[in-house]
Amino acid sequence: YSRLAQRYQNISTLYLKTNSLKDAIHYTLKALDFHKKKFEDRAPRKWDFVEGNLIPLSKDSKELFYTKSGRERGAVVGYGECILNYAKCLSMQKKYNEAIELIDKASNYFYIFPKIYNLSQLEKGINLVYNKSTEGPKLIKDSLRNLEKLDKKFSKTQIALIEGAKKLIK
């Protein structure tokens, strides 16, 4: 199920890049379905799966997000990224409140990874601005500041997101 979920998620991401909302939603929902089937069958170590949510069974983030060999727990992060894709789809439909809720949910699955976490918070800030919230500009500024501190490369899509966010707070 994990590989199918990842493949559908990759297809969804490609459709998001081309602004093909209908197809992006279709493949994101398929990916989420396969993630759920996998977790219903067997949740990742130190996690439980209850009503569509991965619930941490430990307070140790290393146990939750890394395998014993030190590799990133891809199933957990992938599930968060998939939820984030769905939030992007909702945002494109101007369903900002729902998108914000999903971004918060997704962040639970990758909060220890600064790049993806701060990019997700940037998305949340953009949605808050579109939703006329006063918290949006501050969240965008904080996320941009945190992203600037990272010594990471960004994809074209991530750069476009960063540039779009900067325009919203000028």
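Worth knowing before you read on, the calculation uses all heavy atoms, side chains too, and leaves out hydrogens, waters and symmetry mates.
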Subject >> side-chain hydrogen bond (donor to acceptor under 3.5 Å, both in side chains) partners of Gln9, counting only residues at least two apart >> reply: His35
Subject >> Which residues share a side-chain hydrogen bond (donor to acceptor under 3.5 Å, both in side chains) with Gln6, sequence neighbours left out >> reply: Asn10
Subject >> Contact list for residues 126-149, test salt bridge (Lys or Arg N to Asp or Glu O under 4.0 Å), sequence neighbours left out >> reply: Lys138-Asp142, Asp142-Arg145
**OP:** Sequence neighbours left out, what pairs pass salt bridge (Lys or Arg N to Asp or Glu O under 4.0 Å) with at least one residue falling in residues 13-24?
**Re:** none
Original post:
Do Tyr27 and Tyr8 pass the ring pair (Phe, Tyr, Trp, His ring centres under 6.0 Å) test, and can you show the C-alpha distance, the side-chain angles, and the key distance before you say yes or no?
Top reply: CA-CA 5 Å; Tyr27 286 104; Tyr8 281 124; 5.8 Å; yes
Indicate every side-chain donor-acceptor pair of residues 159-170 with a distance under 3.5 Å to a residue at least two apart or in another chain.
none

Original post:
Among Lys124, Glu123, Gln121, which residue meets the side chain to side chain donor-acceptor pair (under 3.5 Å) test with Ser107?
Top reply: Gln121
Minimum-distance pair of heavy atoms, taken over all atoms of [X] and [Y]:
X	Y	value
Ile83	Ala106	CG2-CB, 3.7 Å
Tyr117	Tyr111	CD1-CA, 3.7 Å
Gly52	Lys36	CA-CE, 4.5 Å
Ala5	Ala31	O-CB, 3.4 Å

Applying a strict under-4.5 Å side-chain criterion to I, L, V, M, F, W and Y, I'd like to know whether [X] and [Y] cluster together.
X	Y	value
Ile116	Leu144	no
Leu147	Phe110	no
Phe34	Tyr79	no
Phe39	Ile55	no

Original post:
Does any pair with a residue in residues 46-57 pass side chain to side chain donor-acceptor pair (under 3.5 Å), and if so which ones, sequence neighbours excluded?
Top reply: Asn53-Lys105
Contacts under 3.5 angstrom, residues 68-78 side chains, donor-acceptor by atom type, not counting sequence neighbours:
from: Ser69; atom 1: OG; to: Thr67; atom 2: OG1; distance (Å): 3.0
from: Arg73; atom 1: NE; to: Leu64; atom 2: O; distance (Å): 3.2
from: Arg73; atom 1: NH2; to: Glu63; atom 2: O; distance (Å): 3.2
from: Arg73; atom 1: NH2; to: Tyr66; atom 2: O; distance (Å): 3.1

Rounded to the nearest 0.5 Å, how far does [atom2] of [Y] lie from [atom1] of [X]?
X	Y	atom1	atom2	answer
Leu16	Thr157	CG	OG1	9.0 Å
Ser12	Glu81	OG	CD	11.5 Å
Lys153	Gln158	NZ	CD	13.0 Å
Leu102	Ser120	CG	OG	12.0 Å

Original post:
Which pairs, with at least one residue in residues 148-170 and sequence neighbours excluded, count as a ring-ring contact (aromatic ring centres under 6.0 Å, His included)?
Top reply: none
Original post:
Does the side chain of Leu84 reach to within under 4.5 Å of the side chain of Ile103, using non-hydrogen atoms?
Top reply: yes
**OP:** Could you list who else is in Leu139's hydrophobic cluster, with ILVMFWY side chains joined at under 4.5 Å, directly or through other members?
**Re:** Ile100, Leu128
**OP:** List in chain and number order the residues that pass side-chain contact (heavy atoms from CB on, under 4.5 Å) with Thr18, two or more places apart in sequence or in another chain; answer none if no residue qualifies.
**Re:** Tyr15, Ser20
If you look only at distance, which donor and acceptor atoms sit under 3.5 Å apart when one is on a side chain in residues 85-97 and the other is two or more places apart or in another chain?
from: Asn85; atom 1: ND2; to: Thr13; atom 2: OG1; distance (Å): 3.0
from: Ser91; atom 1: OG; to: Asn127; atom 2: OD1; distance (Å): 2.9
from: Asn97; atom 1: OD1; to: Asn131; atom 2: ND2; distance (Å): 2.5

